[in-house]
> 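Got a structure here, written out as structure tokens. Questions coming.
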Amino acid sequence: MSVRVIVEKCKGCSICVKSCPFSAIDMENKIAVIGDACTGCGVCVDECPFDAIEKTEDNVKKDLSEYKGVWVFAEQREGKLMPVVIELLGEAKKLAAEIGTDVSAVVCGDEVDALTHELFAYGADKVYQAVHPELKNYRTDAYTKVIEEAINQYKPEIILLGATHIGRDLGPCLAVRCDTGLTADCTKLEIDPDDKKIRQTRPAFGGNLMATIICPNHRPQMSTIRPGVMDKAEYVAGREGVAIRLDVNFKEDEIRTKIIKIVKEAGELASLTDAEFIVSGGLGLGNPEGFELLKKLADKLGGTIGSSRACVDSGWIDHSYQVGQTGTTVKPKIYFACGISGAIQHLAGMQSSDYIIAINKNENAPIFEVADYGIVGDLYEVIPAILEQL
Ligand SMILES: Cc1cc2nc3c(=O)[nH]c(=O)nc-3n(C[C@H](O)[C@H](O)[C@H](O)COP(=O)(O)OP(=O)(O)OC[C@H]3O[C@@H](n4cnc5c(N)ncnc54)[C@H](O)[C@@H]3O)c2cc1C
Ligand code: SF4
Ligand code: SF4
């Protein structure tokens, strides 16, 4: 939607100027003028007491029926697929089956043949390959240009990207270039049975509200998906599909982002998304040394430790261990919540674990509302007792 000022009706009262949340309206010669910052939110339309601002439909309407297929951005780093790609393929398969279409992956890199076979095995029917030495590592301009051209040429109906650092950078660039809608950091996708549009659900307002968003008039419908939320696609060895080479022709001066150096974070980083057992600790540990006890239990089970944000904020443990809305979303077989109260932002990251076992001194702690098994007691007594039994 856009808006326009009906010049003949404008009385120059400037009420709309103050009403615009994006400071997009200026007064020129006592007439309101809407500038480039306008997002088309429509607030000013209702605010004008003289009905001098009206909504206009976008002039260029896309022919939505031209857009077919579900695409997954196959993010690779150092020639390896990111685990979220397998989750996206799992979800894409489900969506494609409901709409009656196929699943494609788009992969960029300097050498993509092995990745292409892996993508077929995980369920991609087609793989669009962009191959160039300059695509070896992610660069915003280069990836955007190549994928934008592929979207314009092949017209996918839906595009899914992982809400990784790269996906969160690339997704909005593509959406703006393709003049379409993007829902960021989705935790649930479903197809509307009536009109076959995708309903994209994501937590909003600090996880206190779940917003379901649709993209009715533009294509492709684009979502970034939170890693660790969707079920992984099944691996079928030897499954084949169709590989399609994309034209890659950009001039180096068109690419403004240059990689000077890639620096990997030093020290141990948690790998929470793949763990089957997570023993997580909160402020109830009392001190950072408490994680050593949790580590004993995690090692015994072949899992890893995790943490609430309160411990990360207290400097007890690295952020890569944080579970929750602003940390990692996990889905292990068993999640132990030890000395964690169960704030909504923590629950947002672990609620879909197969089994939740809570250990907490306070029987009224909210964590017990989501726990399958709850033990009311001091974790420093309970965990050694569990270890003894294992
Ligand atoms: C925008 C936003 C985003 C956030 N994102 C996240 C997030 O991603 N992840 C996250 O975890 N939090 C997040 N938070 C913070 C969240 O709201 C809580 O503050 C945090 O999860 C609390 O951590 P906790 O459970 O460790 O601490 P507390 O709430 O202090 O709970 C400690 C618990 O330990 C129990 N306890 C104390 N001693 C013992 C003992 N010896 N044995 C057993 N139990 C004991 C207590 O009864 C209590 O229930 C976010 C907050 C905001 C505003
Ligand atoms: S509120 Fe309406 S009448 Fe007043 S300046 Fe804005 S457009 Fe003109
Ligand atoms: S539609 Fe929204 S953004 Fe655009 S001028 Fe009106 S209030 Fe501002």
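The chain is numbered in sequence order, starting from 1. As the structure lists them, so they are numbered: ligands from 1, and atoms in each ligand from 1.
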> Can you list everything that forms a side chain to side chain donor-acceptor pair (under 3.5 Å) with Asp46? Sequence neighbours excluded, please.
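None.
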> Does Gly281 come within less than 4.0 Å of ligand 1, judged by its heavy atoms?
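No; Gly281 lies far enough from ligand 1 that no heavy-atom distance drops under 4.0 Å.
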> Look only at the side chain of Thr56 and the backbone of Ser2, and say whether a donor-acceptor pair between them is shorter than 3.5 Å.
yes
> Please classify the Ser308 to ligand 1 contact at 4.0 Å (heavy-atom distances, strictly less than): side chain, backbone, both or neither.
both
> Considering the heavy atoms of Val3, write down every atom of ligand 3 situated less than 4.0 Å from one of them.
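The atoms of ligand 3 under 4.0 Å from a heavy atom of Val3 are 1 (S).
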> For Cys311 and ligand 1, answer yes if some heavy atom of the residue is under 4.0 Å from a ligand atom, otherwise no.
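Per 4.0 Å heavy-atom rule, Cys311 does not contact ligand 1.
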> Kindly say whether Glu190 contributes a backbone atom to a donor-acceptor pair with the side chain of Arg199 at under 3.5 angstrom?
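Pair absent, no side-chain N/O of Arg199 close to backbone of Glu190.
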> State the CG-CG distance between Asn362 and Asn364, to the nearest 0.5 angstrom.
5.0 Å
> Quick check on the 6.0 Å ring-centre criterion: do Tyr138 and His165 meet it?
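Aromatic pair excluded; centres sit 6.0 Å or further apart.
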> Looking at every non-hydrogen atom in both residues, tell me the closest pair between Asp231 and Lys94 and how far apart they are.
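The answer is OD2-NZ, 4.3 Å.
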> If you have a sec, work out which protein heavy atom is nearest atom 8 (Fe) of ligand 2 and how many Å separate them, to one decimal?
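Answer, as residue, atom name and distance: Cys10 SG, 2.4 Å.
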> Given His346, Gln345, Lys361, Met350, which has its nearest heavy atom closest to atom 50 (C) of ligand 1?
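Looking at heavy atoms only, the winner is Gln345.
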> Using a plain distance cutoff, I'd like to know if Leu379 has any nitrogen or oxygen under 3.5 Å from a nitrogen or oxygen of ligand 1.
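Right, the criterion is met.
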> By number and element, which atoms of ligand 1 are closer than 4.0 Å to a non-hydrogen atom of Gln325?
7 (C), 8 (O)
> Please list, in number order, the atoms of ligand 2 under 4.0 Å from a heavy atom of Cys16.
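Near Cys16, the atoms of ligand 2 are 1 (S), 5 (S), 6 (Fe), 7 (S).
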> Considering the heavy atoms of Cys44, write down every atom of ligand 3 situated less than 4.0 Å from one of them.
1 (S), 5 (S), 6 (Fe), 7 (S)
> Tyr128 and Tyr154: aromatic ring centres closer than 6.0 Å?
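Between Tyr128 and Tyr154, the centre distance is under 6.0 Å.
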> Which bit of Ile25 is near ligand 3, meaning a heavy atom under 4.0 Å away: side chain, backbone, both or neither?
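The answer is the side chain of Ile25.
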> Could you list the atoms of ligand 2 found under 4.0 angstrom from a heavy atom of Lys11?
3 (S), 8 (Fe)
> With a 4.0 Å cut-off on N to O distance, would you call Asp354 and Lys333 a salt bridge?
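Here Asp354 does not pair with Lys333 in a salt bridge, since their nearest N and O are not under 4.0 Å apart.
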> Of the backbone atoms (N, CA, C, O) and the side-chain heavy atoms from C-beta on, which set of Val382 has a member under 4.0 Å from an atom of ligand 1: side chain, backbone, both, or neither?
neither
> Taking only heavy atoms of Ser14, which atoms of ligand 2 are found under 4.0 Å from at least one of them?
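Under 4.0 Å from Ser14, ligand 2 has these atoms: 4 (Fe), 5 (S).
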> Mark the output for Ser19 as yes if a heavy-atom distance to ligand 3 is under 4.0 Å, and as no if none is.
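The answer is no, since Ser19 has no heavy atom less than 4.0 Å from ligand 3.
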> Check ligand 2 against Phe50 and write out every atom of the ligand that is under 4.0 Å from a heavy-atom position of the residue.
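Heavy-atom distances to Phe50 below 4.0 Å select 3 (S).
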> Gly42 heavy atoms, cut-off 4.0 Å: which ligand 3 atoms fall inside?
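Answer for ligand 3: 1 (S), 2 (Fe).
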> Please find the pair of heavy atoms, one from Ile255 and one from Asp141, that lie closest to each other, and give the distance.
C-OD2, 3.6 Å
> Side chain or backbone of Ile53 under 4.0 Å from ligand 2, or both, or neither, by non-hydrogen atoms?
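It is the side chain that touches ligand 2; the backbone stays farther off.
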> Give a yes/no on ligand 3: does Ser2 have at least one heavy atom closer than 4.0 angstrom to it?
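No; Ser2 lies far enough from ligand 3 that no heavy-atom distance drops under 4.0 Å.
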> Out of Ser341, Gly282, Ala337, Ala343, indicate the one that has the non-hydrogen atom closest to atom 18 (C) of ligand 1.
Ala343
> Go through the structure and list residues passing side chain to side chain donor-acceptor pair (under 3.5 Å) with Thr183, not counting sequence neighbours.
Gln200
> Quick one: which ligand 1 atoms are inside 4.0 Å of a heavy atom on Val323?
7 (C), 8 (O), 9 (N), 10 (C), 11 (O)
> Within the stated cut-off of 2.8 Å, is an N/O/S atom of Cys20 closer than that to atom 8 (Fe) of ligand 3?
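True for Cys20.
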> So which atom in Val330 and which in Ser353 form the shortest heavy-atom distance, rounded to 0.1 Å?
O-OG, 4.2 Å
> Kindly work out whether a path of hydrophobic side-chain contacts (I/L/V/M/F/W/Y, heavy atoms less than 4.5 Å apart) joins Leu294 to Tyr380.
yes
